[in-house]
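Read through the structure below, which is laid out as structure tokens, and then see the notes.
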Amino acid sequence: MFILQDAKSNGVYAVNDTETGSRCVTMFIDKDDCQRYHDLLMANGFKRTLLVMEVDAEVIRNNCVTHGYDFSVITPDDIVIPPDDEDLK
């Protein structure tokens, strides 16, 4: 699995749902899909430096459960577009 990680804090990138207050970590099965998502974020003006990182899915799932985050797994058949939200920049 692949995720986006903040280069400065080493934190995992998560989408914030401003309506519900929940945060969701997006895990990608395919590295190229993760890279495309990263590139879209950067094109939208995302300010922090993010790195594409390979991770153990179980570790991420366990951390999400521990810290109250949601998570989603993006398969090669899925299309996902990052939010265009000023709070994420």
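Side-chain atoms are counted along with the backbone in the values below, which use heavy atoms only and exclude waters and symmetry mates.
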Subject >> salt bridge (Lys or Arg N to Asp or Glu O under 4.0 Å) involving Asp32 - partner list, sequence neighbours excluded >> reply: none

Original post:
What about Leu50 and Leu40, same hydrophobic cluster or not, with Ile/Leu/Val/Met/Phe/Trp/Tyr joined at side-chain heavy-atom distances under 4.5 Å?
Top reply: no

Subject >> Qualifying residue for side-chain contact (heavy atoms from CB on, under 4.5 Å) with Phe28, from Val52, Ile3, Asp33 >> reply: Asp33

Subject >> Worked verdict on Asp70 versus Arg23 for side chain to side chain contact (heavy atoms under 4.5 Å, CB included) >> reply: CA-CA 6 Å; Asp70 296 327; Arg23 299 198 39 98; over 6 Å; no

Original post:
Does Glu54 use its side chain to pair, donor to acceptor, with the backbone of Phe2 at less than 3.5 Å?
Top reply: no

Subject >> Shortest non-hydrogen contact between Asn10 and Ala7, atoms and distance >> reply: OD1-O, 4.0 Å

Subject >> Gap separating the CD atom of Glu58 from the CE atom of Met1, nearest 0.5 angstrom >> reply: 9.0 Å

**OP:** Report the distance from atom CD1 of Ile29 to atom CE of Met27, rounding to the nearest 0.5 Å.
**Re:** 9.5 Å

Original post:
Looking at CG of Asp39 and CZ of Phe46, how far apart are the two atoms once the value is rounded to the nearest 0.5 Å?
Top reply: 13.5 Å

Original post:
Are Ile60 and Leu4 linked, directly or through other ILVMFWY residues, by side chains that come within less than 4.5 angstrom of each other?
Top reply: no

Original post:
Just by distance, with hydrogens left out, do Thr75 and Asp78 show a side-chain donor and acceptor under 3.5 Å apart?
Top reply: yes

Subject >> Gap separating the CE atom of Met53 from the CG atom of Asp6, nearest 0.5 angstrom >> reply: 11.5 Å

Original post:
Once you round to the nearest 0.5 Å, how far does CZ of Arg36 lie from NZ of Lys31?
Top reply: 13.0 Å

**OP:** Verify the cluster assignment for Val12 and Val55: are they in a single hydrophobic cluster under the rule of side-chain heavy atoms below 4.5 Å apart?
**Re:** yes

**OP:** For Asp17 and Glu19, indicate whether the former's side chain and the latter's backbone hold a donor-acceptor pair under 3.5 Å.
**Re:** yes

**OP:** Consider only side-chain heavy atoms of I, L, V, M, F, W and Y, link residues closer than 4.5 Å, and tell whether Val80 and Val73 are in one cluster.
**Re:** no

Original post:
In terms of hydrophobic clusters joined by side-chain contacts under 4.5 Å, are Tyr37 and Leu51 together?
Top reply: no

**OP:** Give, for atom SG of Cys24 and atom OH of Tyr69, the distance between the pair rounded to the nearest 0.5 Å.
**Re:** 11.0 Å

Original post:
At their closest point, which heavy atom of Leu41 faces which heavy atom of Tyr13, and how far apart are they?
Top reply: CD2-OH, 3.5 Å

